[in-house]
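What follows is a set of notes on a single structure, which appears directly below.
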Amino acid sequence: MIRKDKIGGISIENIVRETGTPVYIYDEDVLIKRMREFKENFTSSRFQTRVLYASKAFACREIIRLAAREGLGLDVVSGGELHCAGGTPMDRNMIYFHGNNKTRHELKMALSGGAGTIVVDNSQELDELADIQKDAEETTGILIRINPGIEAHTHEYIATARKDSKFGISIDDRHQIREIIQKIIRCENLRFRGFHAHIGSQIFSREAFVKEIEAMAEYIGEMEDFCGIEIEELNLGGGFAVRYTDEDSPIPIGPLCRTIVEACEGKVMQLGLHLKRLTIEPGRGIAAEAGTTVYSVGYKKKTETKEYIFVDGGMADNIRPALYGAEYHCENISRPEGSSRNEYVVAGKCCESGDILIKSALLPETKKGDLLAVYTTGAYGYSMASNYNRLGRPAVVFASGGEARLIMRRETYEDMEALEINRKII
Ligand code: LLP
């Protein structure tokens, strides 16, 4: 991995002088580059294509504004993410609302101008929707989430398309799906458009995506006959892998997008499908490599077998190592890149033995006050951050062309206190 001590043309030290640590710094040019790589390579002459940014990876108005400007749509999974998009120029028709347990209130938000498409996860959700769609002023598109039962060889917690997963309806459940489609067709303000599937995250295998396309295309063919309808849209979800450490070699975005489109074009021709649009939803593939978290080193500790360095954040700002055993690369950017390196365990400051950010980091002799940059933290870092131990969420900065902007200020003790009211309710 390359040691970066500048982001967006500015030295990390200068940014940190303004914001303090820990801080998430996004290279805005990398965000834009990734968005464009997806957008420019995911095109077809046979059908329309759409790239949605999966905002669960990192949701804030500024990144949604960028996605809208670059012609991407948006994948949201909660009223909160939908609300966040509401304050941006993101076109409603480009917003897709996912989730296995959307509340009535969230569905109402979507129907009343929040989202152009709702991805229905189960039949009970459709019953709820059928009940409330009568009052809607606009028509909302509907995709049904299908669980194709494809194993994408990813971490158990982020594999989502196994047959016993909580998401979607099994591809084998044709009768149930036909009933749902018929029910959608009877709703005046809902319009059935097609299917959605998502087979996992951080997927390195081209074959997994191709298998997904083959399974879904064949399924579309069958369901067109079985239900006597034309299916216009297939949404393949996200899952594009990124490079966290030198061990990772993800397929470059361009060739992978082209493989996906070609595989789909082939199936559309072979089976004579009526597909009008193919959609993907990358989150990590857009946000991860653009983000770096910078910490200050505090105390150190030596045991018989390990040497720890403690940083001023940890599992509260990045739960991924503790939750998934995720690995990251880091550099001490306060010291020149010396040849002699010590092996350190990078531990956070939370009250939890599992609060280890990096189990083995090779760094020059590291001292109190040094800045430690942990790379590729832009996806599922800030968005999964918590206030564990009442640590405030870090500041977020976007940097580009020698300019840095504070996008989210650091959460303060007062912000946390503002939630405490002690008011009698019964
Ligand atoms: N679409 C759907 C329906 C999804 O469930 C997901 C991710 C995405 C798109 C975006 O996937 P991506 O392109 O980012 O892989 N917290 C975990 C990842 C959970 C992913 C959940 N769904 C992590 O930190 O690795």
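All ligand and atom numbering here is 1-based and tracks the order in the structure. We count residues from 1, following the sequence as given. The shown structure was predicted, so the numbers you read here are calculated from the model rather than taken from an experiment.
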Next on the checklist: Ring centroids only, cut at 6.0 angstrom: are Phe310 and Tyr299 within range, meaning strictly under it?
Outcome noted: no

Checklist entry - Among the heavy atoms of Ala379, does any lie under 4.0 Å from an atom of ligand 1? => result no

Checklist outcome for this item: Nearest heavy atom to atom 25 (O) of ligand 1, choosing from His98, Glu281, Arg284, belongs to Arg284

Checklist entry - Do Lys102's NZ or CZ and the ring of Phe97 fall within the cation-pi criteria of under 6.0 Å and 45°? => result yes

Next on the checklist: If you take the nearest heavy atom of each of Arg145, Lys56, Gln202, which one is closest to atom 21 (C) of ligand 1?
Outcome noted: Lys56

Checklist outcome for this item: Near Gly283 (heavy-atom distance under 4.0 Å), the atoms of ligand 1 are 12 (P), 13 (O), 14 (O)

Item to check | Of the listed options Phe167, Tyr244, Tyr324, closest to atom 23 (C) of ligand 1 (non-hydrogen atoms) | outcome: Tyr324

Checklist outcome for this item: Ser201 heavy atoms within 4.0 Å reach ligand 1 at atoms 11 (O), 12 (P), 14 (O), 15 (O), 20 (C)

Checklist outcome for this item: A student checking ligand 1 against Asp75 at a 4.0 Å heavy-atom cut-off should list atoms 1 (N), 2 (C), 9 (C)

Item to check | Matching residue for Tyr244 among Tyr328, Phe204, Tyr324 - test: ring pair (Phe, Tyr, Trp, His ring centres under 6.0 Å) | outcome: Tyr328

Distance-only check: which donor-acceptor pairs under 3.5 Å involve side-chain atoms of residues 345-353, not counting sequence neighbours?
none

Item to check | Ring centres under 6.0 angstrom apart (His98, His198) | outcome: no

Next on the checklist: Given the ring of Phe226, does Arg178 sit roughly above its face, with NZ or CZ under 6.0 Å from the centre of the six-membered ring and within 45° of the axis?
Outcome noted: yes

Next on the checklist: Contact between ligand 1 and Pro282 is defined here as a heavy atom of the residue under 4.0 Å from a ligand atom; is it met?
Outcome noted: yes

Checklist entry - Do ligand 1 and Gly239 have nitrogen or oxygen atoms that lie under 3.5 Å from each other? => result yes

Item to check | Numbering as shown, the atoms of ligand 1 that approach His196 to under 4.0 Å (heavy-atom distance) | outcome: 3 (C)

Item to check | Contacts of type ring-ring contact (aromatic ring centres under 6.0 Å, His included), residue Tyr24, not counting sequence neighbours | outcome: Tyr382

